[in-house]
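Structure, as structure tokens:
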Amino acid sequence: FRSGGALSVTGGLDGDEYNKLAPPIDTDIINEEQKKAVGDIVTLCKENDIEVVFIETPKSQVVMRDLNYRSIMESYRELLDDHGVQYISSEDYKFDYDNSYNFIDAIHLSYQGRVNFSENLLICDKLAQ
């Protein structure tokens with residue numbers, strides 16, 4: 001968020017909009033191109049002695065509860081474990097997933113959501129290790 005992320009100030013959803021969100025994921029299988037890209041990123045970082053940590057960004061509650069999303073994220077965890085890469089899941093930091101103002105849609109954070117996420121990530125115990 002701070003270095004290269006979106007800098008636009010976007011308002012969040014109101015409660016009614018948030019409650020009407022539907023999960024945008026229609027499969028429970030990890031995308032093969034993304035899987036290859038993760039491997040390429042990890043390889044590049046290892047070749048250049050760069051420590052890499054993957055971080056799951058907050059998604060709306062409707063996505064976080066979605067079985068397809070959960071299956072895909074488990075595949076990512078297994079992939080990263082296979083590569084020996086640290087992974088910080090949404091369970092490792094605090095975030096107010098019920099606050100509609102933190103989101104502009106089911107998977108993207110509003111400006112305030114990005115600020116809240118960044119602040120919570122800075123105090124994440126797993127990141128400090």
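Looking at heavy atoms from C-beta onward, Met64 lies in side-chain contact with Tyr97 at the 4.5 angstrom threshold. At a threshold of 4.5 Å between non-hydrogen side-chain atoms, the residues Ile107 and Pro24 count as touching. With contacts defined as side-chain heavy-atom distances shorter than 4.5 Å, the pair Asp40/Leu44 does not qualify. With contacts defined as side-chain heavy-atom distances shorter than 4.5 Å, the pair Glu78/Asp81 does not qualify.
Nearest heavy atom pair, residue Val63 against residue Ala106, reads CG2-O, 3.5 Å. The minimum heavy-atom distance between Val52 and Val85, with the atom names listed, is O-CG1, 3.6 Å. Closest of all the heavy-atom pairs between Phe117 and Ile55 is CZ-CG2, 3.8 Å.
Both Val62 and Leu109 are part of a single hydrophobic cluster, where members link through side-chain heavy atoms under 4.5 Å apart. Cluster membership for Phe95 and Ile104, using ILVMFWY side-chain heavy atoms within less than 4.5 angstrom, is not shared. In terms of hydrophobic clustering, with Ile, Leu, Val, Met, Phe, Trp and Tyr side chains grouped at heavy-atom distances under 4.5 Å, Tyr111 and Tyr101 are assigned to different clusters.
Side-chain contact annotation: Tyr18 with Gln61, donor-acceptor N/O pair under 3.5 Å absent. Side chains of Asn102 and Asn116: a donor-acceptor N/O pair is present below 3.5 angstrom, by distance only. When only modelled atom types and interatomic distance are considered, Glu56 and Ser90 share a side-chain donor-acceptor pair under 3.5 Å.
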Run the numbers on Glu74 and Arg77 for side chain to side chain contact (heavy atoms under 4.5 Å, CB included), then give the verdict. CA-CA 5 Å; Glu74 183 58 34; Arg77 285 184 199 109; 3.3 Å; yes
Please step through side chain to side chain contact (heavy atoms under 4.5 Å, CB included) for the pair Asp28 and Leu67, ending with a clear verdict. CA-CA 7 Å; Asp28 65 350; Leu67 295 180; over 6 Å; no
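Across Val42, Ile88, Leu79, a single residue satisfies side chain to side chain contact (heavy atoms under 4.5 Å, CB included) together with Phe54, and that is Val42.
We find the OH-OG distance between Tyr76 and Ser89 to be 15.0 Å, quoted to the nearest 0.5 Å. For the atom pair NZ of Lys46 and CD of Glu51, the computed distance is 11.5 Å after rounding to the nearest 0.5 Å. Between atom NZ of residue Lys36 and atom CG of residue Asn31 there is a gap of 12.5 Å, rounded to the nearest 0.5 Å. Rounding to the nearest 0.5 angstrom, the gap separating the OG1 atom in Thr27 from the CD1 atom in Ile72 is 5.5 Å. The distance from the OG atom of Ser71 to the CG atom of Asp66 is 10.0 Å, given to the nearest 0.5 Å. Atom CD1 in Ile29 sits 8.5 Å away from atom OG in Ser75 (nearest 0.5 Å).
The backbone N or O of Asp14 lies less than 3.5 Å from a partner atom in the side chain of Glu17, making a donor-acceptor pair. Ser100 contributes a side-chain N or O that, together with a main-chain N or O of Leu13, makes up a donor-acceptor pair within less than 3.5 Å.
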